[in-house]
Amino acid sequence: MTLGGIGLVATLAVPAVGAAVLAVLPGRFDRAARITGTGFAAVTLVLAVLLAVGATDTWAAYQPQTAESPGVHPWHELDLTWVPGLDLRFQLGVDGVSYPLVVLTALLTLLCCAYTWWRVPAPGRGRTLVALLLVVEVGILGTFLALDLVLFFLFFEVVLLPMYAIIAIWGGEERQHAARKFALYTLFGSVLLLVGVFTVVTAAGTADLTELTGGTGLSKGTQIAAFILLAIAFAVKSPLWPLHSWLPDAHTQAPTVGSVILAGVLLKMGTYGLIRVAVGVAPEGAREAAPVLGILAVAAIIVGSLVCLAQSELKRLIAYSSVGHMGFVLLGIATLSGTGIQAALIGNIAHGVITGLLFFLAGAVKDRAHTGALAELGGLRESTPRLAGLLGFAAIASLGLPGLAGFWGEAFAVVAAWRVGGPLWTTLAVLAALGGALTAAYLLRLLRRVTHGPASPAVLTLTPGLHGAELAAWGPLVLLALAIGLAPTLVLGYAEVPIGALLEAIR
């Protein structure tokens, strides 16, 4: 086992061990358990960052399988026999496509665990909440690191039960309904994903993603069937309109840390799966379905934006904004072009950073004012100018202001669709650009309703200060939103080579 392979295992093992340690600690040590869990999350982040050590110019070079060059070449890889009778392997790897998502997952989990030092939502039991966050982290990291299709499916499913529990136990007044809806939609997607995995593995005779990239061993008919199954499964998780209706309820009812993880990285499992698995394994199916996927992506952008314009609740508006933002990500993927997939990757990271910050801020507003109604939150800058300023920064970053992280993904997705050309894609590019204008409209409306105007009674009683734990949780996200906006190569630099090689493999 190489040093890189040990790092891959450790990145998954540390949060798993942390969750187990917290589970056996007595309840009377709740605060100590939360601090301990945060320590495990911090170590995981360090290990995730160190996975870049040893990276070379052959970053995850996707290539058609040959005797000399089989499949994918990640920076680090671990390939162990797992279930010999079924020829299943415990195969992990990291490359320029997955690495930014791995680091983002570890960072947001650390910030959420640290946030529980200061505030644990009712009914308390912060030890259990942090343990569940660590289990969710294991599932998400495993999904991004798995290079075996069956292993990918198993990690994909690990997230379901702990996230259901986070929503159902620590959520709002309608948490049970939101949790059930989340579980039912996710199970629907899981069934389709399982059938898709079975279809691919049975037809190709292997579950190794390094061999399957480019559609090796799969007929055109099998690829079309597999892509339809996989795309719908990942569309549920992304979520893509019209399979999005679980998202607003889950976001609105989830506790703050649950909303941050849900929007920040859990949705990215779907878009990552589309790139790595659906497009990579079934490129013929992707080419056939690309126009439909593009139309649905633009529908998500327009519908999500229009619904946001009519929203009157803070967290629900931010939740619906995710539908529109992920529409830009899916539009980039649908173009099957280098520019489009780069737009999807940087859009994923930007959305995770900015929307994670928005949900942190929305949670702070609701915790202070005890309401999320926009009509009752007017004049926030009069009583809490620092909080209002941060909310304004996050909203402007989300609407795609040049110089901040949200700009690149949306702009590149529109450019990619325009470059594909033809009446359909040109129309989709124009409509997506219109959706970008609507995004600016509803976010500026949000700021006008919440931060401007005379202070409402609910806002007048608020204290102006911010807690140190809040600043510690929000600060890294503010800096990242600015850094990625000014230097997009922080994300795209990792992905340029593997994306080019992936496109060569699927042509």
Side-chain angles (χ1 to χ4, degrees), residues 38 107-108 110-121 251 254-261 263-264 311-319 321 350-407 440 442-486:
T38 304
L107 173 64
L108 287 180
L110 171 60
L111 298 181
C112 287
C113 290
Y115 193 75
T116 63
W117 290 18
W118 176 58
R119 183 180 296 277
V120 178
H251 271 320
T256 297
V257 293
S259 294
V260 171
I261 292 296
Q311 286 302 308
S312 59
E313 205 279 337
L314 181 58
K315 287 187 71 175
R316 200 167 185 86
L317 186 152
I318 299 171
S321 75
H351 179 265
V353 170
I354 296 169
T355 307
L357 177 60
L358 278 171
F359 274 113
F360 265 132
L361 296 170
V365 171
K366 289 191 70 172
D367 288 339
R368 286 167 165 80
H370 306 292
T371 180
L374 299 185
E376 300 176 17
L377 293 174
L380 190 66
R381 67 177 183 175
E382 300 298 328
S383 58
T384 57
R386 295 178 184 175
L387 182 57
L390 286 170
L391 182 62
F393 173 86
I396 291 173
S398 185
L399 64 81
L401 183 73
L404 296 176
F407 169 75
Y442 71 71
L443 285 167
L444 292 174
R445 169 182 173 268
L446 165 67
L447 292 180
R448 181 178 65 83
R449 296 286 298 276
V450 174
T451 63
H452 290 63
S456 65
V459 169
L460 281 173
T461 59
L462 304 185
T463 56
L466 297 177
H467 195 276
E470 293 177 314
L471 294 175
W474 306 341
L477 300 180
V478 172
L479 294 176
L480 273 177
L482 183 60
I484 295 172
L486 295 176

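Judged as a ring-ring contact (aromatic ring centres under 6.0 Å, His included), the pairs with a partner in residues 450-471 (not counting sequence neighbours) are, in order, W118-H467. Identified under the salt bridge (Lys or Arg N to Asp or Glu O under 4.0 Å) test for residues 472-482, with sequence neighbours left out: none. For residues 460-469, there are no salt bridge (Lys or Arg N to Asp or Glu O under 4.0 Å) pairs, not counting sequence neighbours. For residues 452-479, the pairs satisfying salt bridge (Lys or Arg N to Asp or Glu O under 4.0 Å) are R368-E470, with sequence neighbours left out.
Residues A369 and L377 come closest through the heavy atom pair CB-CD2, 3.7 Å. The two residues G356 and L477 make their nearest non-hydrogen contact at C-CD1, 4.0 Å. Contact detail for H251 and A319: the closest heavy-atom pair is CB-CB, 3.4 Å. Nearest heavy atoms, A395 versus L358: N-CD2, 4.1 Å. Scanning all heavy atoms of the two residues, the minimum distance from A364 to L387 falls at CB-CD1, 4.3 Å.
Residues passing the salt bridge (charged side-chain N to carboxylate O under 4.0 Å, His left out) test with R381, sequence neighbours excluded: none. Not counting sequence neighbours, the partners of W117 by the side chain to side chain donor-acceptor pair (under 3.5 Å) test are T38. For T116, the side chain to side chain donor-acceptor pair (under 3.5 Å) criterion is met by no residue, not counting sequence neighbours. With sequence neighbours excluded, no residue satisfies side chain to side chain donor-acceptor pair (under 3.5 Å) with S312. In this view, T384 satisfies the side chain to side chain donor-acceptor pair (under 3.5 Å) rule with no residue, not counting sequence neighbours. Residues meeting the salt bridge (charged side-chain N to carboxylate O under 4.0 Å, His left out) test with R449, sequence neighbours left out: none. Every salt bridge (charged side-chain N to carboxylate O under 4.0 Å, His left out) that E313 has, sequence neighbours left out, goes to K366. Scored by the side-chain contact (heavy atoms from CB on, under 4.5 Å) test, L482 finds L404, L486 as partners (sequence neighbours excluded).
Between the K315 side chain and the G363 main chain, no donor and acceptor come within less than 3.5 Å of each other. In terms of modelled atom types and a separation under 3.5 Å, the side chain of T355 and the main chain of G264 share no donor-acceptor contact.
Atom CZ in F360 sits 10.0 Å away from atom OG in S259 (nearest 0.5 Å). Of the inter-residue distances, the one linking L314 atom CG with F359 atom CZ reads 8.5 Å to the nearest 0.5 angstrom. Atom CG of L391 sits about 5.5 Å away from atom CG of L446, to the nearest 0.5 Å. Annotation: the span from L111 atom CG to L357 atom CG amounts to 10.0 Å, rounded to 0.5 Å. The CD1 atom of I318 sits 12.0 Å away from atom CD1 of I354, with the distance rounded to the nearest 0.5 Å. A distance of 10.5 Å separates OG of S321 from CD of Q311, quoted to the nearest 0.5 Å.
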Report task. Assess whether side-chain contact (heavy atoms from CB on, under 4.5 Å) is satisfied between I396 and L443, documenting all intermediate values. Result -> CA-CA 7 Å; I396 291 173; L443 285 167; over 6 Å; no
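The closest side-chain heavy-atom distance from L361 to F393 is not below 4.5 Å.
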